[in-house]
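One-based numbering, in listed order, for ligands and for the atoms of each.
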Amino acid sequence: MIRDSYIKTVIEPFKIKTVEPIKFTNAEERKRILHEAGYNTFLIDAENVLIDLLTDSGTSAMSSKQWAGLLDGDESYAGSKSYHRMHDVVSKITGMKHIIPTHQGRAAEKILFSIVGGEGKVVPNNTHFDTTRANVEFSGALAIDCLNEQGKHPEVIADFKGNMDIARLEEVIQQYGTDRIPLVMITVTNNSGGGQPVSMENIRQTRAVCDKYGLPLFMDACRFAENAYFIKTREQGYADKTPLEIAQEMFSYVDGLTMSAKKDALVNIGGFLAMNDDDLALQCRNLLIVTEGFPTYGGLAGRDLEAIAQGLEEILEEDYLQYRIKSTEYLGRKLDELGVPILMPPGGHAIYLDAKRFLPHIPQEQFPAQSITCALYLDGGIRVVEIGSVMFGRTENGKFIAPDLELVRLAIPRRVYTQSHIDYVIEVVKHVHDRREELKGMRLTYEAPMLRHFTARFAYVD
Ligand SMILES: *Cc1c(COP(=O)(O)O)cnc(C)c1O
């Protein structure tokens, strides 16, 4: 029991020891700042942001024990004490035989796919995260998403919208043949699919398909603890298990994993790659030495390894996870009650506004989600990110091709903002929604040839 049953309020399960002031700006100043940033929130200086919901990656607040760990970190080049501590914690949670630290998640992906990827290869996943897709494709391989049907519809309410489409996975395996598929991946929670969880049953079914065809299964484990908590609260048979036990079962079905410690390890930098296969681990370590560092630090300082080890212990605490999932849900539920269209149900790490329903008067080629992103900054100094036509739209033969979903993501940094910050966010979103008919479409004035969303510049359409 983590709280008395007669109390309904879920509170932040920590008290604040260090504070960082945030800067208030007025509407006039924000208008100038946004104009100077070319109406792209990536180009606004963090100092000029009041509430920063750009990402939950690397933005967590560390605990006093993590900060203490920084001082305690062992900076020996080889075999440091901090490596052993991190190794032992990761091994306890994942059961993996080989644990290889990397400087962040994409470095783990780069090493893995440099070895197993390549021209002609095919990697299926429930939904590839952008860096995973980029690393698969950079190796010359093809990245294929096999998301279940429910996950493709923002308004559908279901427990596990992040699930792999098992039939589709089998189709892909039969279509390309096992020789071309070095491994299958499953991403928990499904970040690009709205932070939606994957059920234990679905992980088990994915394992069964991999066994049938003799393929290894790897997990993109960035938000494994949030996923474990969703299983605990939504899947039959798990209510009485601890998040650690659930995570251990999740990992028992896979042969390896990639991890960005910037998510569910509560640190500002770090990651790792883990696996059971001795031969693959040897090849990964050899490449790691060339690109990251010696196998016991892999691109990190000893103190970073110490903070990861401590963060991985804290992330599985049940009162933390309850607060985390409930506070994200609080934001989603309040917005839904106010009639603001969001991707339902609320995910683990973020709430997504559905810009197509929010601004039906602006066509996708005029970037409605970008227009909302700008309005949230103008009206309240809140920074969020567009996940729609700017990020995924493209033009072919002069014709604009829109992505299926047009979203604005409000990602919640871990342990950073209190409920009153979130109440402020709700008020600002409502304000923007109330004046939605005044919002204008946008056009690009500059775009880079690749990953244009980071540096694009815009103007309003008259
Ligand atoms: C963040 C993320 C990554 C990449 O990790 P970085 O540490 O940012 O390199 C990979 N997969 C998923 C699902 C992620 O959320």
Element-labelled atoms of ligand 1 that are located less than 4.0 Å from some non-hydrogen atom of Thr131: 3 (C), 4 (C), 10 (C)
Minimum-distance protein heavy atom relative to atom 11 (N) of ligand 1: Asp220 OD2, 2.7 Å
Note: ligand 1 atoms sitting under 4.0 Å from heavy atoms of Asn191 are 13 (C), 14 (C), 15 (O)
Note the single closest protein heavy atom to atom 5 (O) of ligand 1, along with its residue, its atom name and the distance in Å. Ser260 CB, 3.2 Å
By number and element, which atoms of ligand 1 are closer than 4.0 Å to a non-hydrogen atom of Glu109? 10 (C), 11 (N)
For atom 1 (C) of ligand 1, the protein heavy atom that lies nearest, with its residue and separation: Lys263 NZ, 1.5 Å
Does NZ or CZ of Lys241 fall inside the cone over Tyr238's six-membered ring, less than 6.0 Å from its centre and within 45° of the axis? yes
Please give me the minimum heavy-atom distance between Val184 and Thr206, naming the atom from each residue. CG1-CG2, 4.3 Å
Could you check, using the six-membered ring where one of them is a Trp, whether Tyr323 and Phe14 have ring centers closer than 6.0 angstrom? yes
Have a look at Thr127 and tell me which of Asn190, Asp145, Asn191 forms a side-chain hydrogen bond (donor to acceptor under 3.5 Å, both in side chains) with it. Asn190
With a cut-off of 4.0 Å, which atoms of ligand 1 are near a heavy atom of Thr187? 13 (C)
Enumerate the atoms of ligand 1 whose separation from the nearest heavy atom of Lys262 is less than 4.0 angstrom. 7 (O)
Mark the output for Gly271 as yes if a heavy-atom distance to ligand 1 is under 4.0 Å, and as no if none is. no
For Phe458 and Tyr446, I'd like to know if the aromatic rings sit close, meaning centre-to-centre distance below 6.0 Å. no
Does the N or O separation between Phe129 and ligand 1 drop below 3.5 Å for any pair? no
Please confirm whether Thr189 comes within less than 3.5 Å of ligand 1 when only nitrogen or oxygen atoms on both sides are compared. no
OG on Ser389 to CD on Gln370, rounded to 0.5 Å: 10.5 Å
With a 6.0 Å cut-off on the ring centroids, do Phe138 and Phe113 count as close? no
Within 45 degrees of the axis of the six-membered ring of Phe272 and under 6.0 Å from its centre: does Lys262 put its NZ or CZ there? no
For ligand 1, is any non-hydrogen atom under 4.0 Å from Arg106's backbone (N, CA, C, O), its side chain (CB onward), both, or neither? both
